[in-house]
Number of protein chains: 2
Amino acid sequence: MPAGPIDRRVARTRSRLQQALFRLTAEKGYTAITVEDICREADVGRSTFYTHYSDKDCLRKATIDEHMKSLQARSAERHSQRNAKGFSFSGPMFEHAHAMREMHRVLMGGKKREMPEEIRSWISGQVRHELTNIQGDEGGARLEIATRFIVGAFFEVTHWWLEKDTKLSPAEIDRMFLQLAFNGVNAVLAGPTRIE
Amino acid sequence: MPAGPIDRRVARTRSRLQQALFRLTAEKGYTAITVEDICREADVGRSTFYTHYSDKDCLRKATIDEHMKSLQARSAERHSQRNAKGFSFSGPMFEHAHAMREMHRVLMGGKKREMPEEIRSWISGQVRHELTNIQGDEGGARLEIATRFIVGAFFEVTHWWLEKDTKLSPAEIDRMFLQLAFNGVNAVLAGPTRIE
DNA sequence: ACGATACTGGACAGTGTGTCCAGTATCGGT
DNA sequence: ACCGATACTGGACACACTGTCCAGTATCGT
């Protein structure tokens with residue numbers, strides 16, 4: 001019964017389409033891509049595309065979902081050995097981003113800033129959960145604002161780090177991020193508070 | 001010489017188009033809108049549209065530019081009477097956002113999160129400038145990271161505040177934002193640090 | 001080897017774009 | 001109040017992309 005796993009042809013076609021999506025997103029940004037572009041780049045018939053995905057967004061979602069699993073695993077792993085301070089999601093995320101820079105550029109929306117909602121809500125969940133652990137659930141607007149604050153900051157920092165590929169290591173950027181998040185701008189910028 | 005100011009007809013048409021853009025963005029998000037939609041809503045011929053703006057993005061940019069001026073003025077005003085702590089941009093921004101909720105929803109990209117680059121870079125400039133004042137310009141990556149961090153956090157918090165129209169006043173949300181920004185999550189969430 | 005399944009390429013109607021034009025309405029200045 | 005300048009209109013145009021369908025062909029799994 002060929003029901004369960006996958007036909008080689010299917011796997012091959014889907015892989016091609018996803019790779020093409022990567023290349024094109026990196027090249028000219030997600031919104032500028034057409035289904036025709038993807039099929040040409042992937043060397044796949046356009047009708048074939050539609051037998052796998054209903055449209056462009058669907059392809060992106062599927063691609064993201066697949067890659068999200070490994071991240072989930074890493075985060076959970078690190079979560080068990082969690083220390084008193086810091087987020088458990090940020091470290092793995094920065095490392096993963098560093099290792100697969102291109103892919104993350106795609107996930108983050110390429111040159112533009114077209115963040116897919118799946119990633120956003122996934123990370124929001126992580127952050128909210130970890131903040132709740134720190135706080136005890138008081139559940140109020142305060143928690144929600146802090147969550148939004150952290151999520152937005154995290155995306156923007158990551159986006160900057162990926163685009164301007166500086167020499168900062170994942171550990172370094174993570175340390176800076178956590179310091180800003182937990183101690184604020186004052187601690188980081190004001191005079192003699194060491195950061196190194 | 002009719003060169004300088006503006007023909008009534010021109011003003012009227014442009015105003016209609018911008019108003020239509022507001023309504024439609026609020027209604028179904030910027031990307032989902034077509035030029036035809038705008039013209040129908042504005043009751044303006046489609047050919048007329050193109051004599052004023054080359055495309056949808058152009059209309060949005062023009063609309064934003066106009067409304068940015070008042071904000072610029074407010075921020076500059078508050079900047080002169082600046083206190084030791086806090087950002088001068090955030091207060092006026094929150095107030096303006098509160099007063100013109102609909103318009104800001106449009107500026108922020110409506111239901112979706114399609115932030116126009118003009119706003120982003122304008123605020124980035126403000127933040128970088130103010131952080132430099134705090135820090136003295138050391139110019140390093142540290143300043144840049146802090147800037148990105150704050151910008152991202154600000155957008156996300158504002159977006160949340162606008163979409164979930166809670167009962168928080170501009171002053172309240174601003175206070176929370178500044179506290180998170182300058183003192184970090186610890187100061188806000190950890191136990192007895194009062195926020196009210 | 002053979003039945004099932006996936007790919008192909010081409011055609012289709014539908015929608016939106018951006019440009020052009022001739023006809024009509026409205027403006028601003030004298 | 002008039003008249004030349006300027007702006008709006010609606011319709012037509014070629015073009016690009018979408019999403020669906022189908023008959024023919026290649027490749028799969030067993």
Side-chain angles (χ1 to χ4, degrees), chain A residues 1-63 66 109-110 112 114 116, chain B residues 1-63 66 106 109-112 114 116:
Chain A
M1 55 210 71
I6 9 96
D7 194 314
R8 269 185 232 158
R9 293 168 291 181
V10 174
R12 199 180 82 107
T13 300
R14 291 192 181 161
S15 171
R16 280 192 174 200
L17 289 172
Q18 298 189 356
Q19 293 304 320
L21 178 66
F22 279 174
R23 287 193 293 269
L24 291 175
T25 305
E27 186 179 315
K28 56 177 178 173
Y30 178 71
T31 48
I33 300 175
T34 70
V35 173
E36 289 187 346
D37 290 336
I38 298 172
C39 293
R40 201 181 316 117
E41 177 76 22
D43 195 25
V44 162
R46 202 164 64 86
S47 12
T48 307
F49 178 98
Y50 288 104
T51 68
H52 292 280
Y53 309 102
S54 58
D55 56 20
K56 208 176 63 166
D57 287 322
C58 185
L59 169 60
R60 176 157 84 158
K61 183 166 180 0
T63 305
E66 281 184 30
K112 318 247 164 161
E114 308 138 6
Chain B
M1 54 210 72
I6 9 96
D7 193 314
R8 270 184 232 157
R9 294 167 291 180
V10 173
R12 200 181 80 107
T13 300
R14 292 192 181 161
S15 171
R16 281 191 173 202
L17 289 173
Q18 298 189 356
Q19 292 304 320
L21 178 66
F22 279 175
R23 289 193 291 272
L24 291 175
T25 306
E27 186 180 314
K28 55 177 179 173
Y30 177 71
T31 48
I33 301 175
T34 70
V35 173
E36 287 187 349
D37 290 336
I38 298 172
C39 293
R40 199 181 317 117
E41 177 76 21
D43 196 25
V44 163
R46 202 164 64 87
S47 12
T48 307
F49 178 97
Y50 288 104
T51 67
H52 291 281
Y53 308 103
S54 58
D55 57 19
K56 209 175 62 165
D57 288 322
C58 185
L59 169 60
R60 176 157 84 159
K61 182 164 179 5
T63 305
E66 279 184 31
V106 175
K111 292 192 189 306
K112 318 248 164 161
E114 310 138 5

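Because the structure is predicted, anything quoted here is derived from the model rather than measured.
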Engineer: Sequence neighbours excluded, which residues qualify as salt bridge (Lys or Arg N to Asp or Glu O under 4.0 Å) partners of Arg8(A)?
Structural biologist: none

Engineer: Using a 4.0 Å cut-off on protein heavy atoms (strictly under), produce a 5'-to-3' string for nucleotides 17-22 of chain C with B for base contact, S for backbone-only sugar-phosphate contact, and - for none.
Structural biologist: BBBB--

Engineer: Verify the contact: side-chain N or O of Arg8(A) to OP1 or OP2 of dG29(D), cut-off strictly under 4.0 Å; return yes or no.
Structural biologist: yes

Engineer: Residues two or more places apart in sequence or in another chain: which of them pass salt bridge (Lys or Arg N to Asp or Glu O under 4.0 Å) with Arg9(A)?
Structural biologist: Asp7(A)

Engineer: State whether His52(B) places a side-chain N or O below 4.0 Å from either non-bridging phosphate oxygen (OP1 or OP2) of dA7(D).
Structural biologist: no

Engineer: My understanding is that only residues two or more places apart in sequence, or in another chain, count here; which of them pass side-chain hydrogen bond (donor to acceptor under 3.5 Å, both in side chains) with Asp55(A)?
Structural biologist: none

Engineer: Side chain of Thr48(B): nearest nucleotide among dT6(D), dC8(D), dA6(C)?
Structural biologist: dC8(D)

Engineer: Only counting residues at least two apart or in another chain, list the ones meeting salt bridge (Lys or Arg N to Asp or Glu O under 4.0 Å) with Arg40(A).
Structural biologist: Asp37(A)

Engineer: Starting from P on dA26(D), measure out to CG on Asp7(A) and report it in whole angstrom.
Structural biologist: 17 Å

Engineer: Check the distance between dA7(D)'s P and Phe49(B)'s CZ and give it to me in whole angstrom.
Structural biologist: 17 Å

Engineer: In whole Å, I'd like the distance from the CZ atom of Arg12(A) to the P atom of dT8(C).
Structural biologist: 8 Å

Engineer: Who passes salt bridge (Lys or Arg N to Asp or Glu O under 4.0 Å) against Arg14(B), sequence neighbours left out?
Structural biologist: none

